[in-house]
Undergrad: 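Sharing a structure with you now.
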Amino acid sequence: MYSEKVMEHFRNPKNVGEMKDPDGVGEVGNPVCGDVMKVYIKVSKKGGKEIISNIKFKTFGCVAAIASSSMLTEIVKGKTLEEAERITRKDVSEALGGLPPVKEHCSNLAADALKKAILDYLSKRGKNEGGPERS
Amino acid sequence: MHTIQSRVIYLDNASTTPLDPRVREAMLPYLTERYGNPSSIHKVGREAREAVEDARRKVADTIGASPEEIYFTGSGSEGNNLAIKGIAWANRSRGKHIITTKIEHKCVLNTCHYLEKHGFDITYLDVDEYGVVDLEQLKSSLRDDTILVSVMYANNEVGTLQPIKEISQILKKRDIYLHTDAVQVLGKLPLDVEKLGVDVLTLSAHKIYGPKGVGAVYVRKGTRMDPLIHGGGQERGLRSGTENVPGIVGFGTAAELAKNLLLEDKAKFERFSEKLINEIPERIENVKFNGHPKKRVPNIVNFSFPRVEGESIVMYLDLEGIAASTGSACTSKSLEPSHVLTAMGISPEVAHGSLRISFGRFNDEYDVDKLLEVLPGIIEKLRKMSPLG
Ligand SMILES: Cc1ncc(COP(=O)(O)O)c(C=O)c1O
C-alpha cells in the first residue's frame, strides 16, 4: 500500500521537532479528523533572496501524514520563499513515489502547513519592518 | 534494508488466524484424491457427503445444537446476511421492524441499511462507555411489528460481550427472532445455543484456525428463513451451490479443536490479556483501556494512546515484526474513526489512537513480552513527533 520512499520517511522522518525562535509557524488539520501538522521555518537572506534556511515539523497523523511532512521539509530546505510557496501537494506526493488515493489529503496538509508558515513569516516581517506586504 | 524477521509476532487474531496444522491435515485429502461432489450418489460422492455431514456434527457439537440446525455458508459475512435478510424476507408480512446495535460488524450494519432501502425499519441500539447495550432501551424499542433482534455476542474491536441471555429472556413469549453474531466467541468462551436462547447464530471458520471463506449459521428448527442463494437446493434449500468440501471439513476439525482446547486456550488468553492490561499502563503514561473490564472475550484488548495516531502505531509495530490493528480512521476507507469506539462515546481524537491486540492459539509468552518491550518506545517516538499538547 505504501511505497518504499514513504516507508523510508516514516521510519526515519527528517527534521522532526520544534524550533526555538522560528520566523514563521503554520499549523493545519484537526485532531478530530486524525491529522494535525505544524511547520516551523527559519528564513535568512542569501544572494539578496530570502530562503528557508531551516525547517522543522511536528505531526500527529498516519504514515502518509508523517512521511509527507518529512518529505516536504526535505524539498523545502534551501528554497527561496517564492519557490517554497509554489510547492504543491502533488510535488510532495510525487517525491514520495505516490500515495494511496485515500491518503492524498495528507500531502495536501503538508503543503498547506508550509504556506501558512510562510504567511505567518510575511505578516510578522510586515509588522516588524513596517514595510509593504509583498503582492 | 529491512530487518529480516525470523517470525512475525501475530497479534491480530481477531482479524484472522493461521490455519492449525491439524486442520490442514484434515483438509488435504479433500483438495486432492477426495474430490467428490456430495450430491453424487456414487462412492466418490458419498465419501464427500460423509465428510460434510461429519463436519456438520462437529460444528453442531461445539455449540450444543443438533446437526440439522447447522447450515454452511461462504463466510461469517454471508451468515449474517442470510440470518438477517433471510428472516426479514420470510417474515415481512408479519412486520418490518428490526432491532440491532450501533456496534455490529459492517456486514450486519450494511445489511440493515440495505433493508432500510427496501422499506424495513431498523432501530440501532446505543451502547454505554464499555460497549454494552442498554436493555431498557431494547425493551422500549420493541413494537408489535418487530420481527428480529440481532445483537452481536462479542464485539470484534473491543471484545465486549452483550447480555444475549438476558435479551432472550426479554423476548420470551414474544414472536420475535433473536440472532447473534458469535464469530468472535467460538473458541474463546463456552458457547451453547440452548443456554443463550438464540434462534440464529453466526460462525466463521477463519477466526478459529480454520480456512477462510467458510462459515455456518445455526438456525433453530421452525425458524422461518428465506435463502439468499437459490439453486440446486443444497444445505436443505437454504444455501444452494456445491459445498466447499475441503473448507467445510477444515471448519469441522477447527470446531472440534476449539472445543477440546477451549480451557487451555482460554486460560492462556486470560493470562496474556491480564499482563497487558496491568503492564501497559505501568510502562506508558496516559493510556485508556477500551471495553468492558470483565464482560469480554479473553483474547481481545484495546487501548487508546492519546496524541498519537493508530495507523502509525500499527506500522511501527509492523517494522518490528509485530502484527496488530487499529480503529483509526486512517486505516478505514471512510476516513472516520471506528464506529464502535465512537458509539462508546470515545472522542474521535482518542479513537484515532486506538490499538487492538488479539491473541491466538499460537502466541506464547515471548510474543507478549516483545510487545511490552517495543510498544513504549513507539508511543514515545510518536508523542515526541506530535504537535498536540
Ligand atoms: C464480529 C464479526 N462478524 C462477522 C465477521 C465476518 O466474518 P467473515 O470474515 O468470515 O466474513 C467478522 C470478521 O471479520 C467479525 O469479526
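We name chains A, B, ... by the order of the sequence lines, and we start the count at 1 in each one. Worth knowing before you read on, the calculation uses all heavy atoms, side chains too, and leaves out hydrogens, waters and symmetry mates.
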Undergrad: Please flag which part of A:Pro13 lies under 4.5 Å from any non-hydrogen atom of chain B: side chain, backbone, both or neither.
TA: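 Side chain only.
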
Undergrad: A:Phe60 pairs by side-chain contact (heavy atoms from CB on, under 4.5 Å) with which of B:Glu309, B:Met385, B:Glu349?
TA: B:Glu309

Undergrad: What part of A:Val32 gets closer than 4.5 Å to chain B, counting heavy atoms only: side chain, backbone, both or neither?
TA: both

Undergrad: Can you measure from OG (B:Ser386) to CE (A:Met37) and round to the nearest 0.5 angstrom?
TA: 12.5 Å

Undergrad: Within a strict 4.5 Å, meaning less than it, do heavy atoms of the B:Leu388 and A:Lys58 side chains meet?
TA: no

Undergrad: State, yes or no, whether a side-chain contact exists between A:Val63 and B:Val314 at a heavy-atom distance under 4.5 Å.
TA: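 The answer is no; the side chains never approach within 4.5 Å.
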
Undergrad: Report which part of A:Ala65 has an atom under 4.5 Å of a heavy atom belonging to chain B: side chain, backbone, both, or neither.
TA: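 A:Ala65 has no heavy atom closer than 4.5 Å to chain B.
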
Undergrad: Should we count CD of B:Glu285 as having more than 12 external heavy atoms under 6.0 Å?
TA: no

Undergrad: Would you call B:Glu311-A:Lys103 a salt bridge at under 4.0 Å N-O?
TA: yes

Undergrad: For chain A, which residues of residues 125-134 of chain B have at least one non-hydrogen atom nearer than 4.5 Å to it?
TA: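 At a heavy-atom separation under 4.5 Å, chain A is reached by no residue of residues 125-134 of chain B.
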
Undergrad: Is there a donor-acceptor pair under 3.5 Å between the side chain of B:Ser312 and the backbone N or O of A:Gly61?
TA: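 At least one qualifying donor-acceptor pair exists.
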
Undergrad: From A:Phe10 CZ over to B:Asp318 CG, what is the distance, rounded to the nearest 0.5 angstrom?
TA: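 So the CZ of A:Phe10 and the CG of B:Asp318 are separated by 9.0 Å.
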
Undergrad: Only pairs at least two apart or in different chains count here, so list each salt bridge (Lys or Arg N to Asp or Glu O under 4.0 Å) that has a residue in residues 70-81 of chain A.
TA: none

Undergrad: With side-chain contact (heavy atoms from CB on, under 4.5 Å) as the test, would you mind laying out the steps for B:Met315 and A:Met1 before giving the verdict?
TA: CA-CA 12 Å; B:Met315 292 304 281; A:Met1 125 175 225; over 6 Å; no

Undergrad: Please report the shortest heavy-atom distance between A:Pro31 and B:His352, naming the atom on each side.
TA: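 Shortest heavy-atom separation between A:Pro31 and B:His352 comes out as O-CD2, 3.3 Å.
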
